[in-house]
Structure formats: structure tokens, C-alpha cells
Amino acid sequence: MSITILGIESSCDDTSAAVIRDGVLMSNVIASQAVHESFGGVVPELASRAHQQNIVPVVSEAIKRSGLKKEEISAVAFTRGPGLMGSLLVGNSFAKGFALSQSIPLIDVNHLQAHVLAHFIKDEPNQDTAPKYPFLCLLVSGGNSQIIKVEAYNKMQVIGQTIDDAAGEAFDKCAKVMGLGYPGGPIIDKMAKEGDSKKFIFNKPHIPELNYSFSGLKTSFLYLLRDELAKDADFIEKNKFDLAASLQSTIVDILMDKLRKAVKQTGIKEVAVAGGVSANSAVREAFIKHSEKYGWKIHLPKFSYTTDNAAMVAITGYYKYIDGEFCDINAPSFSRVEI
Ligand code: KG4
């Protein structure tokens, strides 16, 4: 008998619902929240209110687009954490209501684990593109920069992570000081294509082992702007493309240096990337270059699975369903939780 999972994601500012049947994606609906743009970042209170407005139409649409009836859903999986508490509670409460009304099991999903497992979503039944265990996954988003050793869908070990800011935060904060919009990552990515990546040199961190740090880079970027703006008030406007290209290439270098070290230490050459920053074109180019130069077998996610989405929640729920890993109806959300 088929296993059909309804996935629900509401950890930050995207309300998403997806249906996966036997590992194959049937639908994935995402409602992004434009309300945060004018604030230059996500406003938690506004995010949870928008989730409240979006959740019913988004789930209805996901079920409609799947071509299935809600009675055919075997279980509902929801993001339990990490994330913004008010946002998480909307998905959590909705999932519980849905599970109770349909008399089906409830499955809690770790958002970070789900980002990694996005690589296992199939577009068609015979697709065989998923990474083979064990593999390394660079998880880079607005809140996380981690290197994860993945031995099974439920056996993941963080072997390196940021000690301060995440890579996405470095993109977003630097874009903000340049007066660009939010989120800054995609804007920097676009502008970097027109710029010289060697024009400006920024500090790179010297952090032990496989850990990352991006706060020093942010400060280095800020100090350069401060010093140059004191000499020329139009400095940013005149140099915006080169600033974007130099910043982006520094972030990518920092990410890849530690990833190379992780491959060397573990001997694992199967390497994936996940999270919002995995949409970045320079990150993707660096992965392709590393596969050519060092023989890595690389896995780049589809663009629709890079940012937050419920398809990754549903695929995680699918594997947990097979193992009978259900959660209690009283399960609270967690704003912070390890993989
Ligand atoms: O995974 P995600 O949607 O949300 C979480 O943080 O959980 O990641 C969002 C982050 C933001 O920092 C955004 O600027 C970044 O991903 N991002 C990018 C690109 N697209 C999204 N950063 C660099 N280049 C991109 N093309």
C-alpha cells in the first residue's frame, strides 16, 4: 500500500505544504511573506500572523495539486524546530488538528535534517540521483553553516559549524550596510556577476578544526565601507559590483576551505550542499570545480529545495513513517534543537 505524507513547514517566513507519495513529490506549495522586505529582515510577530493567514489555503492547494484526497494521507509531518517559536507553533498546531481530524499519525521533523534529506526527494519513481551513504553535507542558510557527516537518514553528525554568524547572515548583513534589499544573498549573487572578485580583500578567519566564523568578515566589510565613505561619499555606488563579487568570493572560499579539509579528514568524497545559500551561483561553481579537480561526487539541490519548503519535511516524514517514528500529540515546538 502507498505511503502518502503531508508535510508542513513554518519555521521562519515561508508557509509551505507538500505531498509526497512513496518518496515521489506530488505537490509543493510555498507562500513567501513579502511583509518583511521593508524591515530589512524577518519580523517574528508578523511572520506568525502571516502563517496563520496562509496555512489553510496553502495546505488546501497542496492537497488539490497532488491530485489525491485528504483521506488518502497516511500521516502528517511538521517542522518541530529549530526556528521562530511563534511561526513553528502555527505549523505544529495545524498539523495536530489535521492528524486528529483524520485519525492519522503525527511526525515531528527537525528542520536541519530535512534540509539534508531534500536530496532524497524524487520527481519520478525510478529516479536514482540521491547521495549514497556515507556523505558529507554542507548546510548553509541564514541561520546555519554546518558540515554534517550523514551515515543514514537518522544518523547525522555535525563535524563542523559556525561559532558565530551563518554564511547567509554575512550575505544579508553586508547587503544591508550597502543599502540593498532583503534578503541580500540573491541580490549580491546577481550583482557579483558584473564585478571583479579580486578588487577588495577581506579578512578570512583562522578558526580551528572544521568550524566556521563569519563575524570577522562582516566587520572587515563594514570597516572598509566606513573608511572609504569618509573619503568618497559615492564609494558604494561606484564600487557596488566589485564589493558584491569580492564579498561573495570570500564567503565561498571560507566555505570550501573547510569542506576540503573535511573531505580529507573523513575520506568521504560524496559531497552535497543544502540550505538557502546553496542557491548561490558561486557556491555551485565551486562545487563543480571541486568535483573536477578532486574527484568529488557532488549533489546540488534543485533551486526549489534550497530555501525553506515542505517537500523536505514530507520526505523526512516518509522515512520516519517507514520506521514507525511518530510523535506525541502534546509535542511542543523547539526554537533551538541540534540535528
Ligand atoms: O534556508 P533558508 O531559506 O532559510 C533559513 O535560514 O533557514 O536560507 C535563507 C538564506 C538567506 O540568508 C538568503 O540571503 C540566502 O539564504 N540565499 C542566498 C541566495 N539565495 C538565498 N545567499 C546567497 N546567494 C543566493 N543566491
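In listed order, ligands and their atoms are each counted from 1.
Salt-bridge formation is not detected for the pair Lys289/Glu292: no Lys NZ or Arg NE/NH1/NH2 atom is positioned less than 4.0 Å from an Asp or Glu carboxylate oxygen. A salt bridge is absent between Asp22 and Lys122; no separation between the charged side-chain nitrogens and carboxylate oxygens falls under 4.0 Å.
Shortest contact from atom 10 (C) of ligand 1 to any protein heavy atom: Gly142 N, 3.5 Å. Scanning the protein heavy atoms around atom 12 (O) of ligand 1, the nearest turns out to be Asp172 OD2, 2.6 Å. Annotation: atom 24 (N) of ligand 1 to nearest protein heavy atom, Asn280 ND2, 2.9 Å. Looking at atom 22 (N) of ligand 1, its nearest protein heavy atom turns out to be Gly185 CA, 3.3 Å.
For ligand 1 and Gly276, the ligand atoms under 4.0 Å from any heavy atom of the residue are 1 (O), 2 (P), 8 (O), 16 (O), 17 (N), 18 (C), 19 (C), 20 (N), 21 (C). Residue-ligand proximity, Ala279 to ligand 1, at heavy-atom distances under 4.0 Å covers atoms 20 (N), 26 (N). Heavy-atom proximity to Gly143, at under 4.0 Å, picks out these atoms of ligand 1: 6 (O). Residue contact check: Asp189 has heavy atoms under 4.0 Å from atoms 24 (N), 25 (C), 26 (N) of ligand 1. Residue-ligand proximity, His111 to ligand 1, at heavy-atom distances under 4.0 Å covers atoms 7 (O). If you number the atoms of ligand 1 from 1 as listed, the ones under 4.0 Å from a heavy atom of Thr307 come out as 3 (O). Taking every heavy atom of His115 and a limit of under 4.0 angstrom, the matching atoms of ligand 1 come to 1 (O).
Taking all atoms of both residues into account, the shortest heavy-atom contact from Met312 to Ala118 is CB-CB, 3.9 Å. When all heavy atoms of Val283 and Val273 are compared, the pair lying nearest together is CG1-CG2, 4.2 Å.
If you check the side chains of Thr4 and Glu72, you find no donor sitting under 3.5 Å from an acceptor. In summary, the side chains of Asn144 and His115 do not present any donor paired with an acceptor at a separation below 3.5 Å, with no hydrogens or angles considered.
Ring geometry for Phe120 versus Tyr133: interplanar angle under 30°, hence parallel rather than tilted (30 to 60°).
Side-chain N or O atoms of Asn239 include one that pairs as donor or acceptor with a backbone N or O of Phe235 at under 3.5 Å. No side-chain donor-acceptor contact under 3.5 Å links Ser145 to the backbone of Ser141.
With Val252, Asp308, Asn309 as candidates, the residue nearest to atom 3 (O) of ligand 1 on a non-hydrogen basis is Asp308.
When only interatomic distances are considered, the shortest N/O to N/O separation between Gly168 and ligand 1 falls below 3.5 Å.
Under the 4.0 angstrom criterion for non-hydrogen atoms, Pro186 is in contact with ligand 1.
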